[in-house]
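Structure, as structure tokens:
The figures here come from the full heavy-atom set of this structure, side chains too, leaving out hydrogens, waters and symmetry mates.
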Amino acid sequence: MESWPEPVVRVQSLAESGIKQIPERYIKPVAHRYRAFKNKKMNIPVINLENAFSEDEGVREETLQSISKASREWGFFQIVNHGVRPELLKSIRQVWRDFFNLPLESKQLYANSPCTYEGYGSRLGVEKGAILDWSDYFFLNSIPSQNNCPSSCRGLVAEYGEQLVQLGGKLMRIFSNDLGLDENHLLKAFGGDDDDIGACLRVNFYPKCPQPDLTLGLSPHSDPGGITILLPDHEVSGLQVRVPGEGEDNWLTVKPLPNAFIINIGDQMQVLTNSIYKSVEHRVIVNSKKDRLSLAMFYNPRSDLIIQPCQQFVTKETPALYQPMTFHNYRTYIRTKGPSAKKLLQSFISH
């Protein structure tokens, strides 16, 4: 589709209008609303990435085992000491906050469409009458190059994108080694090297909400791509992860650490590893008193490559769980339907 099915409403404008009740279009079914997880002390694993390259073999092996366990069981972990400068993280947050604080008419110059999603947006999916999420965003289809990036952000986005693509490459090599593959196996499956993978950036802006218990900033979903490197708002929690083995309604609110990245496994990695690594459902809650901003860099396969379980993980006892697909065809579903829990990945299960 070349246009949205109905007029686009900017959620930030709704929030700043002083409304006391949110429009019905944003009210989620009762079963999908916020519930506090019973174990408030639990958090996703925190890993000192610097130790993965330590000269101390014991420290290195312990760290790599922690990454392995988190990828297989949680699908999520936080990394600290990752090598990206804190000053860059502070600057990239601020330049995007400045963008969302611009007058609406200035932001509207970058308004996006369902064709590419690139630019300033406020909804996912093109189903008319869908229940919407309480968020605005800015999406860039290609990192570090930028076709539709505001000029005020370009320099920082280029530097940030370059460093996160390098970080993603390091993680992919760690994952390949953990899985018993050649160090560059997963990189080759994604396109060959850091210059050929399909990195893109989504800047999420979650305005404060007068009725946060009735809505969500982002509905439950697993990320369709390879891995996600998320720079969260460490001052305002919002990301919730479905806790493995804890039932349908147990959503853990992640406690972000300052200057940490949150890493999560995407659907393409679950496919490539034949479900050894897990992409896990997550969602975002909103806040009644504070806006929240996060940056998600998606480290994805090149869109035209066929993705299927690696031959090393397919045996008579463990047949291929997923049908071959291109990433382009795969993500077209979420761009059409919007977030849909794990339904997308389940639809590609081999029968």
Side-chain angles (χ1 to χ4, degrees), residues 1 3-37 96-97 99-108 110-114 117 119-139 202-222 230 232-233 235-242 248-254 256 281-296 334-341 343:
M1 292 186 67
S3 61
W4 301 107
E6 50 219 344
V8 174
V9 176
R10 302 305 180 187
V11 178
Q12 186 178 3
S13 296
L14 278 177
E16 292 174 351
S17 71
I19 60 171
K20 303 299 182 185
Q21 295 181 319
I22 63 174
E24 188 174 350
R25 294 288 308 279
Y26 299 91
I27 297 177
K28 304 294 180 181
V30 174
H32 297 172
R33 297 177 195 171
Y34 169 72
R35 287 191 183 97
F37 183 53
W96 281 109
R97 281 199 173 276
F99 171 81
F100 282 102
N101 286 330
L102 289 173
L104 180 59
E105 57 269 23
S106 298
K107 292 179 287 191
Q108 285 291 100
Y110 300 93
N112 70 353
S113 78
Y117 274 79
Y120 175 51
S122 297
R123 64 176 293 163
L124 291 170
V126 290
E127 290 191 336
K128 190 172 183 179
I131 299 175
L132 302 177
D133 291 333
W134 191 262
S135 60
D136 297 330
Y137 63 86
F138 200 105
F139 183 72
R202 178 178 153 124
V203 185
N204 305 296
F205 187 79
Y206 303 103
K208 57 188 176 183
C209 178
Q211 295 177 297
D213 293 344
L214 299 183
T215 190
L216 290 170
L218 190 55
S219 295
H221 66 287
S222 57
L230 177 73
D233 188 328
E235 296 180 352
V236 186
S237 296
L239 174 65
Q240 289 192 319
V241 174
R242 191 187 289 283
E248 288 294 310
D249 294 322
N250 282 314
W251 293 92
L252 171 70
T253 302
V254 175
E281 273 186 78
H282 50 287
R283 66 185 190 180
V284 176
I285 57 175
V286 289
N287 192 286
S288 62
K289 297 179 180 178
K290 293 184 178 180
D291 301 330
R292 182 173 174 272
L293 182 139
S294 68
L295 291 86
I334 196 169
R335 290 185 171 188
T336 304
K337 301 289 187 181
S340 55
K343 290 179 183 177

Scanning both residues in full, the closest heavy-atom pair of Arg25 with Ala130 reads NH2-O, 2.9 Å
Between the CZ atom in Phe138 and the CG atom in Leu293, the distance rounded to the nearest 0.5 Å is 13.0 Å
Closest heavy-atom pair, Arg33 versus Ile27, reported as atoms and distance to 0.1 Å, is NH2-CG2, 3.6 Å
Counting only heavy atoms not in Glu105, do more than 12 fall under 6.0 Å of its CD? yes
Closest heavy-atom pair, Val286 versus Pro212, reported as atoms and distance to 0.1 Å, is O-CB, 3.4 Å
### Task
Kindly indicate whether the side chain of Cys209, heavy atoms from C-beta on, has any atom under 4.5 Å from the side chain of Thr215.
yes
Here the gap from Ser237 atom OG to Asn287 atom CG, rounded to the nearest 0.5 Å, amounts to 9.0 Å
Checklist entry - How about Lys208: does its NZ atom have over 12 heavy atoms from other parts shown lying under 6.0 Å from it? => result no
Checklist entry - Do the side chain of Lys290 and the main chain of Pro207 share a donor and acceptor less than 3.5 angstrom apart? => result no
### Task
Answer whether the closest heavy-atom distance between the side chains of Arg283 and Leu218 falls below 4.5 Å.
no
Students often mix this up, so state it plainly: with edges at 30° and 60°, are the rings of Tyr117 and Tyr137 parallel, tilted or perpendicular? parallel
Rounded to the nearest 0.5 Å, the CH2 atom of Trp251 sits from the NE2 atom of His32 at a distance of 9.5 Å
### Query
Do Asp233 and Arg97 sit within salt-bridge range, that is, some charged N less than 4.0 Å from a carboxylate O?
yes
In short, Lys28 meets Leu132 closest at the heavy-atom pair NZ-O, 3.3 Å
Should Val126 and Trp4 be marked as a side-chain contact (heavy atoms from CB on, under 4.5 Å) after you check the CA-CA gap, both sets of side-chain angles, and the distance that decides it? CA-CA 6 Å; Val126 290; Trp4 301 107; 4.1 Å; yes
List the steps and the verdict of side-chain contact (heavy atoms from CB on, under 4.5 Å) for Ser294 and Asn204. CA-CA 5 Å; Ser294 68; Asn204 305 296; 3.1 Å; yes
**Request:** Name the orientation class of the two ring planes belonging to Trp96 and Phe99 (parallel below 30°, tilted from 30 to 60°, perpendicular beyond 60°).
**Result:** perpendicular
Mark yes or no for whether Arg123, through its side chain, and Gly125, through its backbone, hold a donor-acceptor pair below 3.5 Å. yes
* Under 4.5 Å between any side-chain heavy atoms of Pro23 and Leu14, yes or no? -> yes
task = For Gln12 and Phe100, indicate whether the former's side chain and the latter's backbone hold a donor-acceptor pair under 3.5 Å.
result = yes
Rounded to the nearest 0.5 angstrom, the CD-CG distance for Gln108 and Leu102 is 12.0 Å
Discussion item. Keeping Arg292 on the side-chain end and Gly217 on the backbone end, is there a donor-acceptor pair under 3.5 Å?
Written reply: no
Scanning both residues in full, the closest heavy-atom pair of Val11 with Ser122 reads N-OG, 4.4 Å
Can you confirm whether Arg10 sits close enough to Tyr120 that some side-chain heavy atom of one is under 4.5 Å from a side-chain heavy atom of the other? yes
Rounded to the nearest 0.5 Å, the CG atom of Asn250 sits from the CD atom of Gln240 at a distance of 10.5 Å
* To do: Report yes or no: does Lys128 contribute a side-chain atom to a donor-acceptor pair with the main-chain N or O of Glu6 at less than 3.5 Å?
  => no
Test side-chain contact (heavy atoms from CB on, under 4.5 Å), reference Tyr26, set Val9, Asp133, Ile131, Leu216, output is Val9
Value for CH2 (Trp134) from CD1 (Ile22), rounded to nearest 0.5 Å, stands at 6.0 Å
**Q.** Ser222-Glu281 side chain donor-acceptor pair, cut-off 3.5 Å
**A.** no
